[in-house]
Structures are given as C-alpha cells and as structure tokens.
Enquirer: 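Have a look at this one.
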Amino acid sequence: QVQPVESGGGSVEAGGSLTISCALSGYTSSMRYWGWFRQAPGKDREGIAYIYTTGSPFTNYADSVKGRFTISQDNAKNTLYLQMNNLKPEDTAMYYCAAASRSYSGSRFAPSVYDYWGQGTQVTVSS
C-alpha cells in the first residue's frame, strides 16, 4: 500500500517562497506518475503539477502556477517536492500529493486518475 504524507506547509507573505514535500512509503517504484493538487475552501480540487516516474523525466503545470512552481522528485529519498515561488494570496489552499499505480486515460490534472492521496498540508499566503 502506497501512503503519501505531505509536510512543509505554513504561512508566508505574498511574493515569498515555500517548498512542500511528500514522503512516499510502500511500493513507490510501481507508481507511474505523481501529482500535486490543491483545494481552497468552497472550491473544487485543482490539479497544478504532475511528474512521470518512468522513462524520460516529464513534468507539466497548470497555467495558474506555470513559471512559479516546480515539481521534482528525489528517488533516493522517495520524496516528491513542490517548490513555490512568487506566492500569491490566491495560492492559499490545502495542498495534496497523489500517486497513480497505472496509466489511466484522462488528464493528469484530474483527481480521478490517481489512486493514492495524502492528508494534505495547508499553505496560507497573506497580502
């Protein structure tokens, strides 16, 4: 059983930076791709970045974070990262990491194509 556990959330002022982590336990080598999502109060869960774990490294970002956020993975540490720069108040949300055990059809930004989810870490950006 794969269990992601997020950490590193906190409060930061607009324009600041924060890096959140996701420690992965279980059969992580069998995962096909990993993603970061966020959910603000009253809003749907939004896919913001994903990374493929097999073959050539490949990452993709939602327009809302492109150029500001970077997803990366340290295989030796079984850890997924999300570096967030130039944070804005609208980035305030609970952030989740997720993993997929197979290549499901559909957008990698959709929650439905992931099997395993962490409990989330809160990021708050003040203006």
Side-chain angles (χ1 to χ4, degrees):
Q1 183 76 8
V2 174
Q3 180 59 58
V5 179
E6 302 92 339
S7 63
S11 298
V12 63
E13 292 184 352
S17 299
L18 196 65
T19 298
I20 56 178
S21 304
C22 177
L24 315 169
S25 63
Y27 298 104
T28 58
S29 61
S30 64
M31 297 298 107
R32 297 300 182 93
Y33 49 87
W34 298 85
W36 282 104
F37 289 75
R38 65 185 183 186
Q39 188 167 20
K43 295 188 176 181
D44 292 336
R45 190 164 296 191
E46 174 193 18
I48 56 175
Y50 63 84
I51 183 169
Y52 276 86
T53 59
T54 58
S56 300
F58 179 83
T59 60
N60 201 10
Y61 300 90
D63 289 342
S64 58
V65 305
K66 193 172 294 183
R68 300 188 297 124
F69 290 11
T70 303
I71 186 173
S72 62
Q73 185 178 21
D74 185 332
N75 290 326
K77 296 182 179 180
N78 271 354
T79 302
L80 186 72
Y81 300 98
L82 185 68
Q83 180 180 349
M84 304 179 289
N85 297 325
N86 191 22
L87 283 160
K88 305 175 181 180
E90 52 263 43
D91 294 319
T92 295
M94 185 72 78
Y95 283 70
Y96 300 89
C97 69
S101 61
R102 64 191 71 180
S103 292
Y104 296 100
S105 61
S107 170
R108 301 302 184 238
F109 291 120
S112 60
V113 302
Y114 292 83
D115 303 297
Y116 303 102
W117 292 85
Q119 296 301 307
T121 187
Q122 177 69 35
V123 173
T124 303
V125 184
S126 59
S127 58

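On a predicted model such as this, the values are computed, not experimentally measured, just so you know. Every heavy atom of this structure was used, including side-chain atoms; hydrogens, water molecules and symmetry mates were not.
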Enquirer: Any donor-acceptor pair under 3.5 Å linking the side chain of S25 with the backbone of Q3?
Expert: yes

Enquirer: To the nearest 0.5 Å, what is the distance between OG1 on T59 and OH on Y52?
Expert: 11.5 Å

Enquirer: Where the side chain of E6 meets the backbone of Q119, is there a donor-acceptor pair that is under 3.5 Å apart?
Expert: yes

Enquirer: What distance do T79 atom OG1 and Q73 atom CD have between them, rounded to the nearest 0.5 Å?
Expert: 9.0 Å

Enquirer: Give the cluster check for L80 versus M31: same hydrophobic cluster or not, with ILVMFWY residues linked at side-chain heavy-atom distances below 4.5 Å.
Expert: yes

Enquirer: Apply side chain to side chain contact (heavy atoms under 4.5 Å, CB included) to residues V123 and M84 and explain how you reach the verdict.
Expert: CA-CA 10 Å; V123 173; M84 304 179 289; 3.9 Å; yes

Enquirer: With a 4.5 Å cut-off on side-chain heavy atoms, are N85 and S17 touching?
Expert: yes

Enquirer: Say you draw a straight line from CD of E13 to OG1 of T124; how long is it, rounded to the nearest 0.5 Å?
Expert: 13.0 Å

Enquirer: After noting the C-alpha distance and the side-chain angles of Y104 and R32, does the key distance pass the side-chain hydrogen bond (donor to acceptor under 3.5 Å, both in side chains) rule?
Expert: CA-CA 10 Å; Y104 296 100; R32 297 300 182 93; over 6 Å; no

Enquirer: Honestly curious: do V113 and I51 fall in one hydrophobic cluster under the side-chain, below-4.5 Å linking rule?
Expert: no

Enquirer: With a 4.5 Å heavy-atom cut-off, do T92 and Q122 have their side chains touching?
Expert: yes

Enquirer: Quick check: are there more than 12 heavy atoms from other residues, nucleotides or ligands sitting under 6.0 Å from NZ of K66?
Expert: yes

Enquirer: Would a hydrophobic clustering, with Ile, Leu, Val, Met, Phe, Trp and Tyr connected at side-chain separations under 4.5 Å, put W117 with V2?
Expert: no

Enquirer: Between K88 and D91 (salt bridge meaning N to carboxylate O under 4.0 Å), is one present in this structure?
Expert: no

Enquirer: Would you say the side-chain atoms of R102 pair up with the backbone N or O of A100, donor to acceptor, closer than 3.5 Å?
Expert: no

Enquirer: Should P4 and Y116 count as side-chain neighbours, where that means a heavy-atom distance under 4.5 Å?
Expert: yes

Enquirer: I'd like to check the side chain to side chain donor-acceptor pair (under 3.5 Å) partners of Y95; sequence neighbours left out, ordered by chain and number.
Expert: R38

Enquirer: Could you tell me which non-hydrogen atom of A40 sits nearest to which non-hydrogen atom of A93, and how far apart they are?
Expert: N-CB, 3.8 Å

Enquirer: Please check if I20 and I48 belong to a single hydrophobic cluster, counting links between Ile, Leu, Val, Met, Phe, Trp and Tyr side chain heavy atoms closer than 4.5 Å.
Expert: yes

Enquirer: Knowing that exactly one of F109, F58, Y114 qualifies, which makes a ring pair (Phe, Tyr, Trp, His ring centres under 6.0 Å) with Y33?
Expert: Y114

Enquirer: Go through the structure and list residues passing side chain to side chain donor-acceptor pair (under 3.5 Å) with N86, not counting sequence neighbours.
Expert: none

Enquirer: If the test is side-chain contact (heavy atoms from CB on, under 4.5 Å), which one of T19, V65, T70, I71 qualifies with L82?
Expert: I71

Enquirer: Does the side chain of R68 reach to within under 4.5 Å of the side chain of Y61, using non-hydrogen atoms?
Expert: no

Enquirer: Are E90 and S127 packed together at the side-chain level, in the sense that at least one heavy-atom pair is separated by less than 4.5 angstrom?
Expert: no

Enquirer: Any chance the rings of W36 and F69 have centres within less than 6.0 Å?
Expert: no

